[in-house]
Amino acid sequence: PAWAIRLVTAFAALQTLACQNATLHQEKRLVKVRLFWVRHGLSCSNALHTCMVNPSESEELLGDLETALHEDPEGGFGDASLNRTYGIEASQGIDEACTVQVEDSRLREGETGEGGAIVSIHHLYMDPALTDCSRRQSVIAGRSFLSWLRSVGIRLDFVGSSFLQRAVESAVAMFVEPCQGGLNCSSVVGEGVTVTPIPYMTERSMSGRTSIQADNVPRDSKAQERIIEELYGRRLPIDNRYSARWPRREQQFEKFKAFFATQVLPRLGNENRSGITAPPEAFKTALEDALPEEMDYLDHGKGSIDFSWAGGSYATGAGFSKIEYHDLDAPEVNIAIVGHSTMMVEYCLEGVGPKPSNNGVIEKLFVVEASTARGDGGAPEMRTIMRELAGRCATVMDAPSSGHVRTHLAEADVATCTSPFNISKYIRLDGGAGPSQSTACMASSEAEGAYPIQPDFQRVGVGKEL
């Protein structure tokens, strides 16, 4: 009879469902991520924004600049020369550097911007280090920020940077050196903290601005280590685990998010662990296939990103407000990453700025949902969904104006800024300060309140009302 057939069918369906429930185990976990996004300290190339060169000096200095032009092995200008008739043109304002004209058939003579032959000399200064003044400023800035973290009970689970040397140095100066200089950091970063450079955070000039940007080209990690050891007289605590296998020159915010959520976050602590780490090579192949090398920030958030690899998948989800973030009952991971102004302005400040000051800190929030389905005896299937704060990021800690600092540099402030060329030959320097004296640049960071925590972050709620 029909009722018997329906009964048998229903019983079979229940058996199938019970079998599935017996063999499939799902785990789902939410983790809140607070990113303290730090702009690096003043670099040797930043100091060139106050370049002043007399026409009579151009011929003598062009040789050094030409050597710098050839330094980047992948830059494609190894055989190019600089136009002697154009020489070196002095800057016209505080945020402009001297310019030269590159003689190369691929570039348009007399034009600036992408494809133009006229370029700023600060773009010829490959992978610059911090200025001498900024190495000291960054330690003071770090002491102020770490003291605030301690006062509000926040512990950092990860300290990272881009692959560029100025960011790596800044991260060490701000998050390691204050703890070695008397500040009790045990509740903030713990013992043996290291800085881990990560991919997709390398600075790139805004689209259309320049044909050459060697200042945004990181040297390989071994070369950086040699230069750093020469500058500091010792090795710095840098964990270069991602330096060899991941792209060193790319800036791509969506790739950074996916990388962090699947490669870094699952490693951070036991209590806040989110999912399992995606297999690096399979994930990287899927990531590079799914997303372009560059992405216009105006397209950010316009559509969902979703891609997969064997054993896992990644997607972006809807944005949220800061109140939603604070009301979410989930464990929190706190990270600090030292990066660069272009990416911070485009993906945190809606593309309009003003750009954060050197050593300034802004806050970016994420929520990561990681789910893992495990069959009996089978490999787990991982699903990661990354959501981010909608709207502008809030400033946590401000810093002295870099414009003012750049116009009051002394010889001692840039003493080690000599390779690939000596920048002291190109900028106007204040006189009178010896190596043991405090310069105007150094004094700007030593003044009371130089690195102020913003009012909404001075309370234990760290900006919950925003």
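A quick note: this is a predicted structure, and the numbers were derived from the prediction, not measured.
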Below 3.5 Å, can you tabulate the donor-acceptor pairs from side chains in residues 388-396 to any protein atom, sequence neighbours excluded?
from	atom 1	to	atom 2	distance (Å)
Glu388	OE1	Lys364	NZ	2.8
Glu388	OE2	Lys257	NZ	2.5
Glu388	OE2	His300	NE2	2.8
Arg392	NH1	Leu349	O	2.9
Arg392	NH2	Gly353	O	3.2

[atom1] of [X]: more than 12 outside heavy atoms within 6.0 angstrom?
X	atom1	result
Lys32	NZ	yes
Arg204	CZ	yes
Asp79	CG	no
Arg428	CZ	no

Qualifying salt bridge (Lys or Arg N to Asp or Glu O under 4.0 Å) pairs with a residue from residues 166-179, counting only residues at least two apart or across chains:
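Counting only pairs at least two positions apart or across chains, the salt bridge (Lys or Arg N to Asp or Glu O under 4.0 Å) contacts touching residues 166-179 are Glu177-Arg234.
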Pairs involving residues 109-134, ordered by first then second residue, that meet salt bridge (Lys or Arg N to Asp or Glu O under 4.0 Å) (sequence neighbours left out):
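Every pair satisfying salt bridge (Lys or Arg N to Asp or Glu O under 4.0 Å) with a residue in residues 109-134: Arg108-Glu111, Asp132-Arg135.
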Can you classify the ring geometry of Phe256 versus Phe260 as parallel (below 30°), tilted (30 to 60°) or perpendicular (above 60°)?
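Rings of Phe256 and Phe260: tilted, 30 to 60°.
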For Phe36 and Phe145, take the angle between the two ring planes, folded into 0 to 90°, and tell me which bin it lands in: parallel under 30, tilted 30 to 60, perpendicular over 60.
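Aromatic pair Phe36/Phe145 classed perpendicular.
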Heavy-atom side-chain proximity of [X] to [Y] below 4.5 angstrom:
X	Y	answer
Pro237	Val172	yes
Ser170	Leu130	yes
Ser357	Ser402	no
Ile198	Phe158	yes
Val338	Phe175	yes

Check Met343 against Glu203 and note the closest heavy-atom contact, atom names and distance.
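Met343 and Glu203 have their closest heavy atoms at N-OE1, 4.0 Å.
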State, to 0.1 Å, how close Asn46 and Arg406 come at their nearest heavy-atom pair, and which atoms those are.
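Looking at all heavy atoms of both residues, the shortest contact is O-CD, 2.9 Å.
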Restricting to side-chain contact (heavy atoms from CB on, under 4.5 Å), what partner residues turn up for Ala141, sequence neighbours left out?
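Counting only residues at least two positions away or on another chain, Ala141 forms a side-chain contact (heavy atoms from CB on, under 4.5 Å) with Met174, Asn359, Met397, Tyr451.
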Presence of salt bridge, Asp72 and Arg249, under 4.0 angstrom:
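Result for this pair is yes, salt bridge flagged.
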Verdict with reasoning, Glu103 to Asn83, per side chain to side chain donor-acceptor pair (under 3.5 Å)
CA-CA 6 Å; Glu103 293 187 327; Asn83 187 296; 3.1 Å; yes
For Tyr325, does the six-membered ring have the charged nitrogen or CZ of Arg387 within the cation-pi criterion, i.e. under 6.0 angstrom from the centroid and within 45° of the normal?
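No, cation not above the ring by the 6.0 Å, 45° rule.
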Within residues 97-137 or reaching into it, pairs that qualify as ring-ring contact (aromatic ring centres under 6.0 Å, His included) - sequence neighbours excluded:
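For residues 97-137, and leaving out neighbouring residues, the ring-ring contact (aromatic ring centres under 6.0 Å, His included) pairs sorted by first residue read His49-His122, Tyr125-Phe421.
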Expected list for residues 278-288: side-chain donor-acceptor pairs under 3.5 angstrom, two or more places apart:
from	atom 1	to	atom 2	distance (Å)
Glu281	OE2	Arg245	NE	3.3
Glu281	OE2	Arg245	NH2	3.1
Lys284	NZ	Arg245	O	2.3
Thr285	OG1	Glu281	O	3.0
Glu288	OE1	Lys255	NZ	2.6
Glu288	OE2	Tyr200	OH	2.6

